[in-house]
Q: 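Next up is a structure, given as structure tokens.
Order of appearance sets the numbers: ligands from 1, and atoms from 1 within every ligand.
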Amino acid sequence: MDQDALKKQAAEAALQYVDGGVIGVGTGSTVNHFIDLLAGIKGRIEGAVSSSEASSERLRQHGIPVLDLNAVGDLALYVDGADESNKDLALVKGGGGALTREKIVAAASERFVCIADASKLVDVLGAFPLPVEVIPMARSLVARQIVKLGGTPAWREGYVTDNGNVILDVQGLQILEPKALEQQLNNLPGVVTCGIFALRGADVLILGAEGGPTMLK
Ligand code: 5RP
């Protein structure tokens, strides 16, 4: 099976967690499979709160109502992908640039089901460049602070987030204490949020694999 088939397998397995109501929906190629599959059972849900304009567009194309988080309150379920996960279900996210809205929807959800192919499971987070969303005027200031923390930031040039901000992709961080680093980065003036999801990690990780999906809780 290729990587995309493994992503689809994980997305299929996540359907078992859909139990009506409003679903939180993340962003990325794995979630795109989930959205396409959700369309098949859309009569069972009220709608979705989306973490990006791209996912909103795909949901609408399937006739799934996209709802405002402010109008619906807390969600029972959030389904999203990841760029990396460790065994504690702390994640690195934001490869697709949607990390801030993803973190908001994750925080509003009772259960976060993360879907990925098995290659995303790592011993130590940080091999994937860590995305950090930054207010544009603070780009260089934040980059200098990140260098002091041992990272090598690169501006994702030409990319603007759905919130009108920029992304720094940070290489060279061995994230041994994800919660501490998440707090430290989020506290830098100018940072909107970083792509470490450890303070609110996933509750369930479904990994697409050759022998069938595996689940970590
Ligand atoms: C987007 C994300 C995605 O969940 C992450 O990049 C994984 O993407 P994919 O499912 O395409 O591998 O955090 O901001």
Q: Please determine whether any non-hydrogen atom of Gly94 lies less than 4.0 Å from an atom of ligand 1.
A: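 Flag set, Gly94 near ligand 1.
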Q: Quickly, which of Glu102, Glu133, Glu84 forms a salt bridge (Lys or Arg N to Asp or Glu O under 4.0 Å) with Lys93? Name it, please.
A: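 Only one of Glu102, Glu133, Glu84 forms a salt bridge (Lys or Arg N to Asp or Glu O under 4.0 Å) with Lys93, namely Glu102.
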Q: In terms of atom number and element, which parts of ligand 1 are under 4.0 angstrom from non-hydrogen atoms of Lys93?
A: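 Here the atoms of ligand 1 in question are 2 (C), 3 (C), 4 (O), 13 (O).
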Q: May I ask you to decide whether Lys103 forms a salt bridge with Glu182, counting only side-chain N to carboxylate O separations under 4.0 Å?
A: yes
Q: If the cut-off is 4.0 Å to any non-hydrogen atom of Gly96, which atoms of ligand 1 fall inside it?
A: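 Matching atoms, with element in brackets: 1 (C), 6 (O), 14 (O).
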Q: Is Ala116 touching ligand 1 with its side chain, its backbone, both, or neither, if touching means heavy atoms under 4.0 Å apart?
A: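 For Ala116, no heavy atom sits under 4.0 Å from ligand 1.
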Q: At a 4.0 Å threshold, what atoms of ligand 1 neighbour a non-hydrogen atom of Asp80?
A: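 Under 4.0 Å from Asp80, ligand 1 has these atoms: 4 (O).
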Q: Can you name the side-chain hydrogen bond (donor to acceptor under 3.5 Å, both in side chains) partners of Arg200, sequence neighbours left out?
A: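 In terms of side-chain hydrogen bond (donor to acceptor under 3.5 Å, both in side chains), with neighbours along the sequence ignored, Arg200 is linked to Asp203.
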Q: Would you mind listing which atoms of ligand 1 come within a distance below 4.0 Å of any non-hydrogen atom of Ala98?
A: 14 (O)
Q: Of all the atoms in ligand 1, which lie at a distance below 4.0 Å from a heavy atom belonging to Gly81?
A: 4 (O)
Q: Which atoms form the tightest heavy-atom contact between Leu173 and Gly150, and what is the distance?
A: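 Result for this residue pair: CD2-C, 4.1 Å.
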Q: Give the residue and atom name of whichever protein heavy atom lies nearest to atom 3 (C) of ligand 1, and the separation in Å to one decimal.
A: Thr27 O, 3.2 Å
Q: For ligand 1, which atoms, with element, lie under 4.0 Å from some heavy atom of Ala82?
A: 4 (O), 5 (C), 7 (C)
Q: Less than 4.0 Å between a side-chain N and a carboxylate O, is that true for Arg139 and Glu157?
A: no
Q: Check whether any side-chain N or O of Asp117 sits under 3.5 Å from a backbone N or O of Ser119 as a donor-acceptor pair, and report yes or no.
A: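 Yes: the side chain of Asp117 pairs with the backbone of Ser119.
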Q: Going by the order shown, which atoms of ligand 1 are within less than 4.0 Å of some heavy atom of Lys7?
A: 9 (P), 11 (O), 12 (O)
Q: Tell me, which protein residue and heavy-atom name are nearest atom 10 (O) of ligand 1, and how many Å apart are they?
A: Thr30 OG1, 2.6 Å
Q: Is there a donor-acceptor pair under 3.5 Å between the side chain of Arg101 and the backbone N or O of Asp162?
A: yes
Q: Number the atoms of ligand 1 from 1 as they appear, then name those within less than 4.0 Å of a heavy atom of Gly97, with their elements.
A: 14 (O)
Q: Only pairs at least two apart or in different chains count here, so list each ring-ring contact (aromatic ring centres under 6.0 Å, His included) that has a residue in residues 60-90.
A: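 Qualifying pairs: Tyr78-Phe112.
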Q: Are a donor atom and an acceptor atom from the side chains of Ser56 and Ser50 found within less than 3.5 Å of each other?
A: yes
Q: Counting both backbone and side chain atoms, is some N or O of Gly28 under 3.5 Å from an N or O of ligand 1?
A: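 No - when backbone and side-chain N and O of Gly28 are compared with those of ligand 1, no distance drops under 3.5 Å.
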Q: Mind checking the SG-CG spacing from Cys114 to Leu207? Nearest 0.5 Å is all I need.
A: 8.0 Å
Q: Among all protein non-hydrogen atoms, which one is nearest to atom 11 (O) of ligand 1, and what is the separation to 0.1 Å?
A: Ser29 OG, 2.5 Å
Q: If you take the nearest heavy atom of each of Lys120, Glu102, Lys103, which one is closest to atom 2 (C) of ligand 1?
A: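 Closest candidate by heavy-atom distance is Glu102.
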Q: Considering Val31, Leu91, Asp83 one by one, which has a heavy atom nearer to atom 8 (O) of ligand 1 than any of the others?
A: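 The residue whose heavy atom sits nearest atom 8 (O) of ligand 1 is Asp83.
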